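Model, not experiment: these values are computed from the prediction.
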Amino acid sequence: MCCPTCDSNRIVMNGINATGKQNHRYQDCGRQLVLDPLKQPISDEKKALIDRLLLERIPLAGIARSIPVSES
C-alpha cells in the first residue's frame, strides 16, 4: 500500500485509534491512517444534495436522519 502523500511503502503499526481499529504510520512522511476505516468520506453527490436541502430550509437534524451522515 502506497502513501497518498509521499508514495512510500514503509509502513509500521502505530497503536489503536478511538474506534478500536489498528492505526498505521508511514515512516518517511509520518502520515497516519487506518486501512479499513469505519467512517467513510462523504461523496460530492451527497454534499451537493445536502446543500440543496439546506437551501430549502430543511433542518440539519432531518437531513442527517434522511441521508445517513452525522450532523457535524
Side-chain angles (χ1 to χ4, degrees):
M1 169 173 254
C2 290
C3 176
T5 305
C6 68
D7 293 327
S8 171
N9 289 331
R10 298 177 54 206
I11 190 169
V12 294
M13 291 183 187
N14 193 34
I16 296 175
N17 65 7
T19 61
K21 293 279 193 165
Q22 178 66 52
N23 201 16
H24 295 82
R25 181 179 53 85
Y26 286 96
Q27 290 181 334
D28 293 339
C29 66
R31 179 181 173 144
Q32 296 184 23
L33 67 115
V34 176
L35 296 179
D36 187 23
L38 293 176
K39 298 178 182 178
Q40 298 295 327
I42 299 173
S43 66
D44 291 335
E45 297 166 352
K46 279 189 180 181
K47 287 180 185 178
L49 177 60
I50 291 169
D51 289 340
R52 287 196 313 264
L53 292 173
L54 285 171
L55 288 175
E56 293 294 327
R57 295 188 175 252
I58 297 174
L60 188 58
I63 295 172
R65 282 191 307 267
S66 62
I67 303 170
V69 295
S70 67
E71 288 187 37
S72 59

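- A single hydrophobic cluster is not seen to contain both I16 and V34; linkage of ILVMFWY side chains at heavy-atom distances under 4.5 Å, directly or through other members, places them apart.
- Evaluation of the side chain to side chain contact (heavy atoms under 4.5 Å, CB included) rule for R52 yields A48, L49 as partners, not counting sequence neighbours.
- For the side chain to side chain donor-acceptor pair (under 3.5 Å) test, residues two or more places apart in sequence or in another chain that qualify with R31 are T5.
- I63 is linked by a side chain to side chain contact (heavy atoms under 4.5 Å, CB included) to I50, L53, L54, I58, I67, counting only residues two or more places apart in sequence or in another chain.
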side-chain contact (heavy atoms from CB on, under 4.5 Å) between R25 and I11, intermediate numbers included: CA-CA 6 Å; R25 181 179 53 85; I11 190 169; over 6 Å; no
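- Rounded to the nearest 0.5 Å, atoms CD1 (I42) and OG (S70) are 6.0 Å apart.
- Taking both residues in full, the closest heavy atoms of N14 and Q22 are given as N-NE2, 3.6 Å, listed atom of the first, atom of the second, then distance.
- Here L35 contributes atom CG and M13 contributes atom CE; the two are 9.0 Å apart, rounded to the nearest 0.5 Å.
- To the nearest 0.5 Å, atom SG of residue C3 and atom CG of residue L33 are 7.5 Å apart.
- S8 is not listed as a side-chain neighbour of C29, based on a closest heavy-atom distance of 4.5 Å or more.
- Taking the salt bridge (Lys or Arg N to Asp or Glu O under 4.0 Å) definition, one finds that K21 meets it with D36, sequence neighbours left out.
- Evaluation of the salt bridge (charged side-chain N to carboxylate O under 4.0 Å, His left out) test over residues 59-72, restricted to residues two or more places apart or in two chains, returns none.
- Annotation: salt bridge (charged side-chain N to carboxylate O under 4.0 Å, His left out) contacts involving residues 1-11, sequence neighbours excluded, comprise R10-D28.
- Atoms NE2 and CG, on H24 and N17 in that order, are 10.5 Å from each other to the nearest 0.5 Å.
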